[in-house]
Amino acid sequence: MSDIVRTRFAPSPTGLLHVGGVRTALFAWLVARQKGGEFILRIEDTDRARHVEGAEQHIIDSLKALGLNYDEGPDIGGQYGPYRQSERLDSYKQWAQKLLDSGRAYADPFKPEEIQVFREQAQAEKRPFLYRNHRPENPPTWDGSMPLRFKSDPKPYTRHDEVMGDLSTGPETIDDFILIKSDGYPTYNFAHIVDDTEMHITHIIRGQEFLSSIPNYLNLYEALNLSPPTMATMPHILGPDGKKKLSKRDGAKDVLDYIRDGFLPEALLNFIASLGWNDGTEQEIFSLVNLIELFSLDRVQHSGARFDEQRLLWLNGAHIRELSLDNLYMLSETYWPAEAAESDEQYKMQVLKLVQERLKYLAELPELTRFFFIDLPRNPELISGHKQLSKLSAEEIKELLNQTKQSLEQSDFSLEDLTNRLNDLLETTEQKPAVLFSLIRVATTQAPFSPALADTLVVLGKKLSLARIEQQLA
RNA sequence: GGCCCCUUCGUCUAGUGGUCCAGGACGUCUGGUUCUCAUCCAGAAAAUCGCGGGUUCGACUCCCGCAGGGGUCACCA
């Protein structure tokens with residue numbers, strides 16, 4: 001039991017889960033899965049002011065949509081619950097009492113405004129602010145109405161981070177941070193250590209914003225007589241400008257938006273993993289199974305990576321192309337254009353087969369396939385704007401379409417027969433494919449682009465194809 | 001300002017002293033695939049390896065300094 005790997009994802013419900021958060025979750029999940037361990041979801045909802053209604057559900061929905069299943073969590077329970085920090089206040093009180101008893105915690109008698117004065121003083125002198133420089137000599141008894149602080153033991157640390165490598169810091173980074181706020185809720189700094197201990201977490205994987213606080217945590221682990229878990233610190237995912245942390249402003253949609261647009265979970269995870277990780281080979285496309293097998297924390301980049309949506313688009317297209325037709329059909333179910341509602345499965349399968357290689361994401365399905373289901377309005381632009389077709393007179397166009405019609409009327413509309421007839425038409429009309437095929441394509445689709453002509457005609461079928469040619473003639 | 005982290009093509013990256021006048025991928029451009037879009041294939045442009053010093057026969061790789069970027073210094077996580 002004690003040597004099973006247990007990792008956790010511990011978001012705070014203060015907003016939507018975005019790509020950066022997903023990456024932390026993904027890597028923690030991968031570590032657990034590849035070691036046959038367990039992955040836990042814990043909600044860190046100790047900040048009542050910033051709590052966002054529905055955020056927890058959004059996080060849960062996102063993880064489920066991505067397939068990052070967890071073994072214990074607020075909605076499914078587990079043997080070390082509850083998994084919501086707001087429901088674990090008794091635990092924090094108990095551990096706080098231990099520190100109080102050993103003289104490693106004390107009540108903070110200052111008002112926030114008073115501390116603010118100290119802080120501004122330090123800032124004016126261009127020194128970092130350290131609360132412990134103001135540590136009261138005879139702190140009052142803690143009655144819960146004021147913050148409880150950790151009595152730190154400043155010292156240098158040298159430690160190993162699974163991602164960052166060996167790190168060292170001096171005693172100046174250690175301070176008396178708050179354990180329990182005056183509202184009775186613990187701070188992250190305290191709560192996560194209690195929870196990770198009680199939940200037997202073996203690997204903490206978290207974002208870079210915690211890097212400079214970790215020495216403080218080590219100090220607290222010591223005071224509690226605990227040995228800290230393995231730690232891994234992830235660099236941030238950056239916005240397109242390459243500077244700031246990725247935010248919604250940068251076009252970083254939340255994960256569910258991507259899922260709704262028809263990005264495949266596997267592609268999304270492949271993309272997110274490759275933002276700062278690779279296996280050292282030239283492989284770019286990884287299945288989830290690949291990722292579980294190959295992932296390792298020590299190959300995670302130390303620097304931030306920019307979010308490049310173009311690359312995501314490409315990767316998603318690549319994953320779509322690797323899907324079996326049946327699979328793609330299942331996943332596409334809700335993306336068809338409204339006009340496809342009446343069409344049968346067999347027809348939609350044929351259509352899907354033709355567009356599979358040009359789909360970048362499933363929500364593109366309607367614009368790529370609409371003409372298979374409905375007669376699009378005549379679009380004269382397609383001829384007047386075409387470099388070759390625009391040179392033909394109305395008479396010439398009519399003549400070409402008539403010849404085409406006559407030939408296709410004799411066709412059984414098999415791919416082979418259509419191909420032969422189209423080739424024959426090239427000879428009898430003495431036209432280049434760029435002219436004849438373009439014209440037929442425009443007439444039968446009224447769309448700016450479509451799959452290959454013969455393939456398209458086969459799927460459209462004889463009746464529809466001829467009807468549309470006649471429409472163009474009218 | 002203190003402390004900590006980071007720095008290879010536009011972007012994601014390979015690279016752990018010589019096989020790198022730096023490889024792959026996305027993107028871009030060119031050509032081919034009987035028409036368009038996409039796919040696929042072939043090819044091109046694209047990094048004086050942030051800068052400056054060392055160490056070494058030899059450095060993208062080791063050391064030192066500098067610069068730039070980021071994080072942090074909350075009763076937020």
Side-chain angles (χ1 to χ4, degrees), chain A residues 10-14 44-47 49-50 108 110 112 115-116 119 122-131 146-149 161 164-165 167-170 172-173 175 177-183 185-189 191-192 206-215 233 235-236 238 240 242-245 271 274-278 280-285 301-308 310-315 317-318 321 354-360 368 382 386 388-389 419 422-423 426 432-442 445 447-454 456:
Chain A
S12 63
T14 52
E44 311 225 316
D45 57 348
T46 56
D47 185 346
R50 292 204 310 156
D108 172 1
F110 294 107
I115 293 178
Q116 188 55 29
R119 208 191 317 279
Q123 206 169 38
E125 293 165 28
K126 296 198 183 292
R127 287 184 291 111
F129 169 70
L130 283 174
Y131 181 91
M146 43 202 138
L148 184 71
R149 282 196 187 256
D161 185 283
M164 295 307 233
L167 304 168
S168 49
T169 51
E172 68 283 347
T173 54
D175 196 12
F177 58 89
I178 290 178
L179 302 167
I180 308 244
K181 299 179 268 186
S182 58
D183 66 1
Y185 281 70
T187 59
Y188 163 84
N189 303 138
H192 89 273
R206 60 178 35 131
Q208 207 188 38
E209 64 271 27
F210 297 106
L211 197 57
S212 52
S213 310
I214 291 177
T233 307
H236 285 139
L238 276 19
K243 292 186 179 174
K244 295 198 203 96
K245 249 172 82 171
F271 170 69
S274 71
L275 237 39
W277 175 84
N278 68 79
T281 72
E282 286 176 354
Q283 185 171 350
E284 304 282 345
I285 296 174
Q301 214 72 12
H302 296 188
S303 56
R306 295 191 205 190
F307 181 89
D308 179 8
Q310 302 241 61
R311 193 177 154 78
L312 170 60
L313 241 22
W314 166 73
L315 258 174
R321 271 170 254 131
L354 294 190
V355 297
Q356 177 166 20
E357 67 190 21
R358 53 206 90 202
L359 275 174
K360 294 259 189 273
L368 257 33
L382 293 177
H386 189 109
Q388 315 265 6
L389 295 182
T419 306
L422 289 171
N423 281 335
L426 285 177
K432 289 182 193 162
V435 174
L436 183 68
F437 288 5
S438 292
L439 180 60
I440 302 174
R441 207 181 58 71
V442 166
T445 66
F449 44 81
S450 69
L453 182 55
T456 304

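If you check rC75(B) for Watson-Crick or wobble pairing at under 3.5 angstrom, you find it has no partner at all. Summarising the base pairing, rC20(B) is matched to no nucleotide, lacking a Watson-Crick or G-U wobble pair whose two defining distances lie under 3.5 Å. Pair assignment for rU7(B): rA67(B), on the basis of Watson-Crick or G-U wobble contacts that are both within less than 3.5 Å. Partner assigned to rC35(B) is none, using Watson-Crick or G-U wobble distances below 3.5 angstrom. Look at rC29(B): its Watson-Crick or wobble partner, with both distances under 3.5 angstrom, is rG43(B).
Residue-level contact check: T46(A) touches the backbone only, with heavy atoms under 4.0 Å from sugar-phosphate atoms and none from bases.
Among residues two or more places apart in sequence or in another chain, the salt bridge (Lys or Arg N to Asp or Glu O under 4.0 Å) test is passed with R311(A) by E284(A). Residues satisfying the salt bridge (Lys or Arg N to Asp or Glu O under 4.0 Å) test with D175(A), not counting sequence neighbours, are none. Listed by chain and residue number, nothing satisfies the side-chain hydrogen bond (donor to acceptor under 3.5 Å, both in side chains) test with S212(A) (two or more places apart in sequence, or in another chain). In this view, D183(A) and R48(A) satisfy the salt bridge (Lys or Arg N to Asp or Glu O under 4.0 Å) rule, not counting sequence neighbours. The side-chain hydrogen bond (donor to acceptor under 3.5 Å, both in side chains) search around T233(A) returns D161(A), not counting sequence neighbours. Taking R321(A) as the reference, nothing meets the side-chain hydrogen bond (donor to acceptor under 3.5 Å, both in side chains) condition, with sequence neighbours excluded. By the salt bridge (Lys or Arg N to Asp or Glu O under 4.0 Å) test, D47(A) pairs with R50(A), sequence neighbours left out.
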Identify each atom pair where a protein N or O and an N or O of nucleotides 3-8 of chain B are less than 3.5 Å apart, giving names and distance.
from: rC6(B); atom 1: OP1; to: H302(A); atom 2: ND1; distance (Å): 3.3

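Atom CD1 in I178(A) sits about 10 Å away from atom P in rA77(B), given to the nearest Å. rC26(B) atom C1' lies 8 Å from atom CD of E284(A), rounded to whole Å. As a whole-Å value, the separation of I285(A) CD1 from rU13(B) P is 17 Å. Put simply, CZ on F307(A) is 14 Å from P on rU13(B), counting in whole angstrom units. Atom pair F177(A):CZ and rU72(B):C1' shows a separation of 15 Å (rounding to whole Å applied). If you take NZ of K126(A) and P of rG2(B), they are 9 Å apart, rounded to a whole angstrom. Here rU11(B) presents its P atom at 18 Å from CG of L315(A), a figure rounded to the nearest Å. One can place CD1 of I214(A) at 16 Å from P of rG71(B), the figure rounded to the nearest angstrom.
Rounded to whole Å, the separation between the P atoms of rC63(B) and rA44(B) comes to 37 Å. Nucleotides rG68(B) and rC51(B) place their C1' atoms 10 Å apart, quoted to the nearest Å. A distance of about 42 Å separates the C1' atoms of rG27(B) and rC57(B), rounded to the whole Å. Atom name C1', nucleotides rU19(B) and rC66(B): the rounded distance is 33 Å, in whole Å.
Under the 30°/60° scheme for interplanar angles, the aromatic rings of H192(A) and Y188(A) are found to lie parallel.
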>> Please encode protein proximity along nucleotides 27-38 of chain B as a string of B, S and -, counting only heavy-atom distances under 4.0 Å.
In response: S------BBBBB
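Of all non-hydrogen atoms in A454(A) and T419(A), the two that sit nearest each other are CB-OG1, 4.1 Å.
Map L275(A) and T14(A) each onto its nearest nucleotide of RNA chain B; the residue landing nearer the 5' end is L275(A).
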>> Checking I115(A) against D108(A) for the side chain to side chain contact (heavy atoms under 4.5 Å, CB included) test, could you report, in this order, the C-alpha distance in whole Å, the side-chain angles of both residues, the deciding distance, and whether it holds?
In response: CA-CA 10 Å; I115(A) 293 178; D108(A) 172 1; 3.6 Å; yes
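Across rG71(B), rA14(B), rG23(B), the shortest atom-to-atom separation from the side chain of N278(A) is found for rA14(B).
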